[in-house]
Every structure is written in C-alpha cells, then in structure tokens.
Amino acid sequence: MTTSTSTGAPAFTAAASFTLRFSPTPRGARLARRLASLQTDAWGWPYRTPVHDAVELVVAELAANAVTHGRVPGRDAELRLAHDGAGRVLVAVSDVRGERRPVHAPEPRPLAESGRGLALVEAVAETWGVAERPGAPGKTVWAVLAAVRGPRPS
C-alpha cells in the first residue's frame with residue numbers, strides 16, 4: 001500500500017470522502033478531530049465504537065503533529081477522510097513543511113511528555129506513511145484503518 005495518489009495518500013478507491021482545511025493552530029486541530037468524529041458517526045460508525053475511536057485518535061495525532069511540526073503562518077493544513085465501503089478508512093493530513101518528515105523513532109523515555117503519537121497511530125492502523133504533496137509544497141501523513149461495520153445502537 002505504498003502507491004500514492006494526487007493527494008499524496010496511498011491509492012484508495014473511496015466510496016465516500018470528506019475534506020477539511022483547518023488553521024495550523026491547536027484550535028484548528030481540535031476542530032479537525034471533532035468534525036472527523038461527526039463524519040465517522042454519519043458514515044455509520046457510532047460514537048464509542050472501536051472504528052470511531054481509532055479514526056478520532058489518528059486524526060487527533062496527525063492534526064496535532066501538523067500543527068506542531070508542519071505549521072507555517074498563513075498556510076492551512078488539510079484533513080482528508082475516505083472510506084472504501086469494504087471495510088477500510090483512510091485518514092490523511094497534509095501540511096506545508098515537507099522538510100519535516102515524521103520517522104519511526106525509538107521508544108521515548110518513560111517520563112517524556114511527547115514522542116508517542118506515531119506509536120499510537122502505528123498501533124491502530126493497518127499501515128501508515130508519508131508522501132510528498134504533488135503540485136503543492138509539503139507532505140501528507142496518512143493511515144489506513146480496518147473498519148468493520150457493526151450494528152448501530154438503538
């Protein structure tokens with residue numbers, strides 16, 4: 001799953017998608033997480049289900065990283081969600097700082113206050129990666145999640 005599309009994310013045939021540009025601020029990252037949560041619920045993965053929680057976690061981590069490490073004043077970040085209708089969800093967050101690429105880092109020290117975000121993404125995603133943004137400056141960090149649809153609670 002390393003082929004990328006024009007958005008820099010892996011090749012993914014979407015049955016439905018959602019795109020949001022957000023300001024590269026903590027408030028913008030919270031908005032991205034909240035709207036991703038609403039969209040995931042609208043697609044049929046209700047609040048407090050494993051798929052919903054995994055999507056919300058991945059969006060929160062990738063949006064926070066875009067705001068922390070990819071921020072350029074006056075340039076928005078972008079969130080793209082898509083599902084393929086067959087059990088997978090794509091989360092892709094783009095920012096304009098292509099020279100600051102995430103890497104698989106060693107385990108953080110036990111009392112470190114940061115450095116665990118991508119480990120969490122790796123734990124819940126089938127796969128994740130980083131790609132250049134074709135036609136635009138920056139990078140896209142993406143993750144693909146398994147999304148088995150369960151019954152909606154009544």
Side-chain angles (χ1 to χ4, degrees), residues 1-71 76-98 100-105 114-136 138-154:
M1 174 92 46
T2 56
T3 342
S4 59
T5 64
S6 62
T7 63
F12 192 90
T13 304
S17 65
F18 170 82
T19 303
L20 168 75
R21 294 182 70 111
F22 61 95
S23 65
T25 63
R27 187 177 199 166
R30 282 191 306 273
L31 176 66
R33 179 187 53 81
R34 182 66 183 128
L35 292 177
S37 176
L38 290 169
Q39 186 62 54
T40 305
D41 181 63
W43 281 340
W45 292 288
Y47 298 102
R48 291 179 299 226
T49 60
V51 173
H52 181 275
D53 291 350
V55 169
E56 193 172 35
L57 171 73
V58 170
V59 170
E61 292 300 333
L62 297 185
N65 283 352
V67 165
T68 304
H69 305 293
R71 182 174 192 269
D76 288 342
E78 183 178 84
L79 165 67
R80 179 172 175 253
L81 296 177
H83 76 83
D84 64 2
R88 295 182 326 149
V89 175
L90 169 71
V91 176
V93 176
S94 300
D95 65 54
V96 296
R97 297 286 303 270
R100 300 200 64 190
R101 299 172 70 87
V103 294
H104 295 274
S114 63
R116 293 177 180 83
L118 288 176
L120 292 172
V121 170
E122 192 168 85
V124 299
E126 285 182 349
T127 185
W128 74 276
V130 184
E132 296 295 321
R133 290 177 71 191
K139 66 184 175 296
T140 298
V141 182
W142 54 267
V144 176
L145 309 169
V148 177
R149 190 176 303 276
R152 277 188 87 82
S154 52

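Atom set for the values below is all heavy atoms of this structure, side chains included, hydrogens, waters and symmetry mates excluded. If you read the sequence from its start, that first residue is 1, and numbering goes on from there.
- Here the straight-line distance linking atom CD of Glu78 with atom CZ of Phe22 works out to 9.0 Å at 0.5 Å rounding.
- Of all heavy-atom pairs spanning Ala14 and Ala82, the tightest one is CB-CB, 3.8 Å.
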task: Start with the C-alpha gap between Val91 and Leu62, add the side-chain angles, then the distance that decides, and say whether side chain to side chain contact (heavy atoms under 4.5 Å, CB included) holds.
output: CA-CA 9 Å; Val91 176; Leu62 297 185; 4.2 Å; yes
message: If you apply the rule side chain to side chain contact (heavy atoms under 4.5 Å, CB included), what do you find for Val59 with Val93, and how did you get there?
response: CA-CA 8 Å; Val59 170; Val93 176; 5.5 Å; no
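- Taking OH from Tyr47 and OG1 from Thr40, the interatomic distance works out to 8.5 Å, rounded to the nearest 0.5 Å.
- For the side-chain contact (heavy atoms from CB on, under 4.5 Å) test, residues two or more places apart in sequence or in another chain that qualify with Arg27 are Thr25, Arg30.
- In terms of the side-chain contact (heavy atoms from CB on, under 4.5 Å) criterion, Ala64 has no residue partners (sequence neighbours excluded).
- Glu56 and Arg33 are joined by a salt bridge, as a carboxylate oxygen and a charged side-chain nitrogen come within less than 4.0 angstrom of each other.
- Considering only residues two or more places apart in sequence or on other chains, Pro50 meets the side-chain contact (heavy atoms from CB on, under 4.5 Å) condition with none of them.
- Separation of atoms CD (Glu61) and OG1 (Thr68) is listed at 9.5 Å; rounding is to 0.5 Å.
- Partners of Asp84 by side-chain hydrogen bond (donor to acceptor under 3.5 Å, both in side chains), not counting sequence neighbours, listed by chain and number: Arg88.
- Taking the six-membered ring wherever Trp is involved, the centroid distance between the rings of Trp43 and His83 falls below 6.0 Å.
- Partners of Arg21 by salt bridge (Lys or Arg N to Asp or Glu O under 4.0 Å), not counting sequence neighbours, listed by chain and number: Asp76.
- A salt bridge links Asp95 with Lys139; the closest basic N to acidic carboxylate O contact falls under 4.0 Å.
- For the atom pair OG (Ser37) and CG (Leu57), the distance works out to 12.0 Å, reported to the nearest 0.5 Å.
- Heavy-atom minimum distance, Ala146 versus Glu126: CB-OE2, 3.4 Å.
- For the atom pair CG of Asn65 and CG of Leu118, the computed distance is 5.0 Å after rounding to the nearest 0.5 Å.
- Here Thr19 contributes atom OG1 and Leu35 contributes atom CG; the two are 12.0 Å apart, rounded to the nearest 0.5 Å.
- Qualifying side-chain contact (heavy atoms from CB on, under 4.5 Å) partners for Ala143, counting only residues two or more places apart in sequence or in other chains: Val58, Val121, Ala125, Trp128.
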- prompt: Under the side chain to side chain contact (heavy atoms under 4.5 Å, CB included) criterion, do Asp53 and Val124 qualify, and how do the steps go?
  reply: CA-CA 10 Å; Asp53 291 350; Val124 299; over 6 Å; no
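- The main-chain N or O of Pro46 is found under 3.5 Å from a side-chain atom of Thr49 such that the two form a donor-acceptor pair.
- Across every non-hydrogen atom of Leu20 and Ala32, the tightest pair is CD2-CA, 3.7 Å.
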- request: Could you walk me through whether Trp142 and Leu90 pass side chain to side chain contact (heavy atoms under 4.5 Å, CB included), step by step?
  value: CA-CA 7 Å; Trp142 54 267; Leu90 169 71; 4.1 Å; yes
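- In terms of heavy-atom proximity, Pro26 sits nearest to Val67 at N-CG1, 3.7 Å.
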